[in-house]
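If you're wondering where the values come from, they're calculated on a predicted model, not measured in any experiment.
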Amino acid sequence: MVNKIFASILSFALLFSLTIPTVYADSPNTDKVVITKHEVINNGVSLTETYEGDIYLDTLTLDEGGNKSNYGYDSTLSVRLNLTITYVRTYNASLNTWYYKLNKTSGSYTILDPQVSITSNTLVSGEHGFALNNTLYYSKSFVNNNVASSFAYYYSFSNYVRLGQIGSNLTVNLKRGTSTWSYILYCMLPEM
């Protein structure tokens, strides 16, 4: 029964390439679970597909998570970049592992050489890995172009992930006279 439900869900997800199913349990350690898949159609109408089956879920423990920060300078020491990611995590007892979700990225950039300008910049924040309570791979990112010199962005990722990465990188494109170059700063949680 479980295999039929999982195969049906997996083929539906692969066929339509939609949002990965979300699993809701009536209570911890239940063997009755409802899996709901949501799709938002262009005209704003929401379609919901629901599956019901016998799947065992373990109690999950929510943790406040934490922060990770990084800073760096370009090769000419003309600009300094700072990034901080904020994440939450939840523990799955049966797999003896934590799942992570990116909540926020903040940071700044400072020009140290008055002859240098930043012509453009791009902040990319994302997460990828195996989603909580299923074996489907989840990958999503948000891109913000030309962020301010001090910024904070909050994200609404729909899944916690493991065996992957979460984090952000900031790319700045620099110019001095006719010379141009780029610098990228990464702030990531490595393989989790």
Side-chain angles (χ1 to χ4, degrees), residues 13-14 16-22 38-42 44 62-91 97-132 134-192:
L14 293 175
F16 294 105
S17 300
L18 301 174
T19 305
I20 294 173
T22 305
H38 299 282
E39 174 190 10
V40 178
I41 302 172
N42 288 340
L62 185 63
D63 182 86
E64 290 183 5
N67 299 309
K68 181 175 181 182
S69 295
N70 194 17
Y71 70 92
Y73 299 84
D74 73 299
S75 59
T76 66
L77 302 178
S78 299
V79 66
R80 175 184 164 130
L81 305 184
N82 300 285
L83 280 176
T84 299
I85 60 170
T86 303
Y87 60 90
V88 292
R89 64 183 188 166
T90 188
Y91 185 74
T97 190
W98 289 96
Y99 285 77
Y100 297 80
K101 180 163 67 168
L102 181 64
N103 271 0
K104 175 186 171 185
T105 298
S106 58
S108 63
Y109 56 84
T110 306
I111 298 173
L112 305 172
D113 181 344
Q115 295 181 346
V116 170
S117 63
I118 296 177
T119 57
S120 63
N121 64 65
T122 304
L123 174 68
V124 179
S125 300
E127 59 180 48
H128 66 87
F130 290 95
L132 179 63
N134 63 48
T135 58
L136 298 178
Y137 198 79
Y138 175 80
S139 181
K140 183 167 184 166
S141 60
F142 292 94
V143 177
N144 301 95
N145 290 307
N146 298 315
V147 299
S149 60
S150 180
F151 57 86
Y153 291 94
Y154 293 85
Y155 301 108
S156 56
F157 290 101
S158 59
N159 276 300
Y160 289 84
V161 296
R162 71 179 182 101
L163 299 176
Q165 286 186 322
I166 66 170
S168 299
N169 66 70
L170 177 61
T171 302
V172 290
N173 298 306
L174 303 161
K175 183 176 183 179
R176 180 195 294 119
T178 58
S179 299
T180 59
W181 67 101
S182 297
Y183 174 61
I184 305 175
L185 177 70
Y186 295 90
C187 187
M188 311 287 287
L189 283 184
E191 291 286 331
M192 306 155 317

* Step by step, would you call L81 with L83 a side chain to side chain contact (heavy atoms under 4.5 Å, CB included)? -> CA-CA 7 Å; L81 305 184; L83 280 176; over 6 Å; no
* Asked: Has the side chain of Y138 got a donor or acceptor atom that lies under 3.5 Å from a matching backbone atom of S158?
  -> yes
* To do: Answer whether the closest heavy-atom distance between the side chains of I111 and S149 falls below 4.5 Å.
  => no
* **Separation between CD1 of I85 and CG of L189, rounded to the nearest 0.5 Å** => 4.5 Å
* Structure fact -> Taken in chain and number order and not counting sequence neighbours, the residues that satisfy salt bridge (Lys or Arg N to Asp or Glu O under 4.0 Å) with R176 are D113
* Taking the side chain from N70 and the backbone from Y186, do they hold a donor-acceptor pair closer than 3.5 Å? -> yes
* **Proximity of F157 and F142 rings by center, below 6.0 Å** => yes
* Flag, side chain of K140 to backbone of E127, donor-acceptor distance under 3.5 Å -> no
* Would you indicate whether the side-chain heavy atoms of I118 and V79 approach each other to under 4.5 Å? => yes
* OG-CZ distance between S106 and F151, expressed to the nearest 0.5 angstrom -> 7.0 Å
* Name the one of N146, N169, N145 that satisfies side-chain hydrogen bond (donor to acceptor under 3.5 Å, both in side chains) with T122? -> N145
* Asked: Would you say the side chain of V88 lies within less than 4.5 Å of the side chain of Y160, judging by non-hydrogen atoms?
  -> yes
* Asked: Can S125 and Y155 be said to form a side chain to side chain contact (heavy atoms under 4.5 Å, CB included), step by step?
  -> CA-CA 9 Å; S125 300; Y155 301 108; 2.8 Å; yes
* Asked: Does T119 reach the main-chain N or O of N173 with its side chain, forming a donor-acceptor pair under 3.5 Å?
  -> yes
* Closest heavy-atom pair and its distance - V116, W181 -> CG2-CH2, 4.0 Å
* Grab the two heavy atoms, one from H128 and one from S139, that are nearest each other, plus how far apart they are. => CB-OG, 3.7 Å
* Structure fact -> So CZ of R80 and CG of L185: to nearest 0.5 Å the spacing works out to 9.5 Å
* To do: Spell out, as yes or no, whether a donor-acceptor pair under 3.5 Å connects the side chain of N121 to the backbone of V147.
  => yes
* Can you tell me how far CG of L163 sits from OH of Y137, rounded to the nearest 0.5 angstrom? -> 9.0 Å
* Would you sort out whether L174 and T76 count as a side chain to side chain contact (heavy atoms under 4.5 Å, CB included), showing the intermediate values? => CA-CA 10 Å; L174 303 161; T76 66; 5.7 Å; no
* Which heavy-atom pair separates C187 from K68 by the least distance, and what is that distance? -> SG-O, 3.2 Å
* Asked: Could you state the interatomic distance from OH (Y71) to OG1 (T84), rounded to the nearest 0.5 Å?
  -> 12.5 Å
* How far does CD1 of I166 sit from OH of Y100, to the nearest 0.5 angstrom? -> 8.0 Å
